[in-house]
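Here's the structure we're looking at; comments come further down.
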Amino acid sequence: MAKKAEDKALKMRKPHKRRPLKTIPMLILLTAYQLYLFSQLTVTNIKELEINYTMLVYFVVFIAAEWLYVILMRAIAKRRNFEIELIGFFLTGIGFAAIGSAKPDGLLVQTGAFLLGLIGFIVLVWILGDNERAMKLRLPLGILAILILVANIFLGSDINGARNWIVIGNAISIQPSEFVKIIFVFVGAATLEKLQTSKNLYMFIGFSAACVGVLFILKDFGTAVIFFLTFLLIAFMRSGDVRTIALALASAALGGTLIAMFKTTVKNRLATYRHVWEPEMIDGKGFQQTRVLIGIASGGLFGLGLGKGNVRDVIFSSTDLIFGVVCEELGFITGMAILACFMLFAVYAIRNARTSRSTFYSIGATAAAGLLLFQASINIFGVTDVIPFTGVTLPFISRGGSSMISCWALLAFLKAGDARTYLTTYGEIKKK
Amino acid sequence: MKSASNRIKITWVFIALSLAGAIFLMVSMMTQGGKWATSSRNAHLYVNGTLIGAGNITDADGTILCSTSDGKRTFAEDSEVRSSLLHVVGDNYGFISSSVQNQYRTNLSGYNRIMGVWELCNYEQGSEVNLTVKSQACKTAYEALGGRKGAVCVYNYKTGAVLVSVSTPAYDPENIPDDINDNDAYEGVYINRVTMGLYPPGSTFKVITTAAAIDNVSGEMSKTFYCDGAYHTSYGDIKCMSEHGNVQLKEALAKSCNSAFAEIANDVGGKALQKTAEDFGYNQNISLGKLGVYKSVIKTAKDDQLELGWAGIGQSTTLVTPLLQTRIMGAIANGGEPVEPYLVQKVTSASGFTKEVALTKTGSRAVSEETAAELKSLLRNNFEAQYGDWHFSEGLNPCGKSGTAETEPDKTPHAWFAGFLDNEEYPYAFAVIVEEGGSGSEVALPVAAEVVNALAQAE
């Protein structure tokens, strides 16, 4: 029954004949770039060939994983298009380089998280391949998300002013809100797929409110903003009839609460905004922004080289301020290329929307790309004082295991939104 | 769900917003990057508040005035050279805010919009800044001022290169005196009097009054004025230094007769007098590269005979900087067109690439060529008839006007001398002020002559 529906869908929407980018040459180019970056960190002394072997291992594992993934997916899943993954690799690689400069100790977790993220990506793309399977998971996942967040309230530890961490033992600390992002996009898209009943819609509104509400309690202002923006995006894609009003009202209520709950934070941030260079701010509330701006100007367009910057010595350099490290050491051009990648994700989601197998896929892809673009923009423009500063990390680049896994999982929605992902496999089955 | 896939296009709005942010950031970086990079918080450039990441500053002959070695910023070898150029070169603590070290720190740091501070990191040295000043002549000027407060400025009126710019009191930036903030001798020490000192011009202003008379009142040159020791108005008198009897303008200028010039100012009228002064640079923004120059001010009274008389002899509310005095003399020497003064000859990157080079720029015409020629012969006559050429080396052909500017009733007046050499080989225009020095021709003129002689000799 399901298969027939799919076949029919395939006939109805034929994907554009777009030539995929030649993967292998692109991957070789990417690897060459990464070797160039990583060699700056591993070869500590060229004349005496001193090599940092620990770092070398992480970088070798990273590059090997890229190749293994592409080769396996070509052989097993018969995929030919890898644009999304290549951009993901590009971003992750720059992140590795910047972390290698700012906080080399963080690379172990980063490497592990990357591998987990890549596996998560493969699994999620497979799950999303079957519409029915995905729909069945919707409710349990929604409940799981709320449970995770509630658990976070009770088990969470305060790190840097926000309560958004759960520490297991002494070694592992995870950030549950990162994983909720994945479920948020999933539930949002899945609810709208079957929106014939308004019950579904109200459930999504309730779910969003619960998520943002818990984030209030966790004092995770940045993530709350990102959730709210993503909610607005999904809500807009859904709207078009009477229910729009409900959504608009819910939006207003959420936005209002957001500001009310964070009154002092918002007031502080606004007081600093565009005043970071003033004498009482420059070493106080404007400390991080001014250091990033100094780093950007010092680095120029092409950067001073890895390990030669000063932003890396500033607190939070490997997380919130990583954009400053990248710009100072790899140049403003690299910084802008990163932002361009997130825009590309969004463009990719829009372009594939028409040929997606159903609105579940197109909305999922758009929501995931939107979430990533919001987060990247809030980070980049926040640390550069273009908008008020909000402590969020830069997806794929900032240090953080939970974040790395969640970023790759979100990419799965983009991948699933591209009709070509499942085309080859199904196409061949059909022929046989 | 066709409508849903249509509404997905809302995402373009977010992409556009991000793009707008990126463009805003790029523009900010291009326009304000220099300010960000040279912030005292930038550890690439500053260690313990000292600008260590800066290139050399040299004088016109290549003498190093400031350089960085072993993470320390050091100045010229000669202590008196250091003191004489304190206000031009600057100090290590940013007290001399209008100095090259402070105002050109973006250039010195080797920062540029494309490469950031890469050059500094790679060569461990910023860009070199070559100044137009001659350090030995500056030292001569410093010595000639002999501990008195004042300023000396000399520039080449054909190219615009400032050769001497000395302001006193000064101190040795490598041996900062302990009593600098308490001792009256250091009053206003952080101010560069050449560009920021505003003084009444006194009799040097008679040159402007003369220019206004030539251009506005026909027959003024042949008019006879009678001086009985004062200029009389119904509101009060303007005293003259002596009783000159019957004088014409030429003689009145050489003898600096107040009676005559108070009357000339009234013949010219307040409006025309102010216009001529403004043509010469009063009430205008005069620039010296990135160094701040205060605006010289004039505001002549409309119908007040007495006030206008005072204005005509430079004793009203008029105030002028030594730099503008020099530029006024340069304009007359250069046929009525002033060449804009500059202090930075060249900026060269550590890799040898010339980043900036000074160009001779002519400002808007002050007076016609004929008027300039007439003024020149009058100023030359001052030396022939009054001061005598003996102050200067032979053949230099000095022209100029002294001034003795009254400030407060019980204080000694400021001594001024402003002039130029009518000489193709040494096209120097100059101005000297000695605060509370007394007579301009007796006190300021010898200082000017000594500096200009030293400059001509060194050439």
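All chains are named by letter (A, B, ...) in the order of the sequence lines, taking the proteins before the strands, and each is independently numbered beginning at 1.
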When Asp385(A), Leu339(A), Asp283(A) are compared by non-hydrogen pairs under 4.5 Å with chain B, the top option: Asp283(A)
Partner chain B: residue of Leu229(A), Leu233(A), Ile282(A) with the largest heavy-atom pair count (under 4.5 Å): Ile282(A)
Closest non-hydrogen atom pair between Thr11(B) and Ala346(A), with its separation: CG2-CB, 4.0 Å
Nearest heavy-atom neighbours spanning Ser18(B) and Leu373(A): OG-CD1, 3.6 Å
Using side-chain heavy atoms (C-beta onward) and a distance below 4.5 Å, is [X] in contact with [Y]?
| X | Y | answer |
| --- | --- | --- |
| Trp277(A) | Ser39(B) | yes |
| Trp36(B) | Thr290(A) | no |
| Ile350(A) | Ile15(B) | yes |
| Leu17(B) | Ser377(A) | no |
| His44(B) | Ser298(A) | yes |
| Leu25(B) | Met336(A) | yes |
| Trp118(B) | Phe302(A) | no |
| Thr384(A) | Ser28(B) | no |

Atom group of Leu120(B) that falls short of 4.5 Å from chain A, counting heavy atoms: neither
Give, for atom [atom1] of [X] and atom [atom2] of [Y], the distance between the pair rounded to the nearest 0.5 Å.
| X | Y | atom1 | atom2 | answer |
| --- | --- | --- | --- | --- |
| Lys9(B) | Thr366(A) | NZ | OG1 | 11.5 Å |
| Arg7(B) | Thr359(A) | CZ | OG1 | 11.5 Å |
| Phe24(B) | Ile387(A) | CZ | CD1 | 11.5 Å |

For chain A, the option from Met30(B), Arg113(B), Arg41(B) that forms the most heavy-atom pairs under 4.5 Å: Arg41(B)
Proximal component of Phe374(A), with respect to chain B [non-hydrogen, under 4.5 Å]: side chain
Interchain contact, Ile333(A) with chain B, by part (heavy-atom threshold 4.5 Å): neither
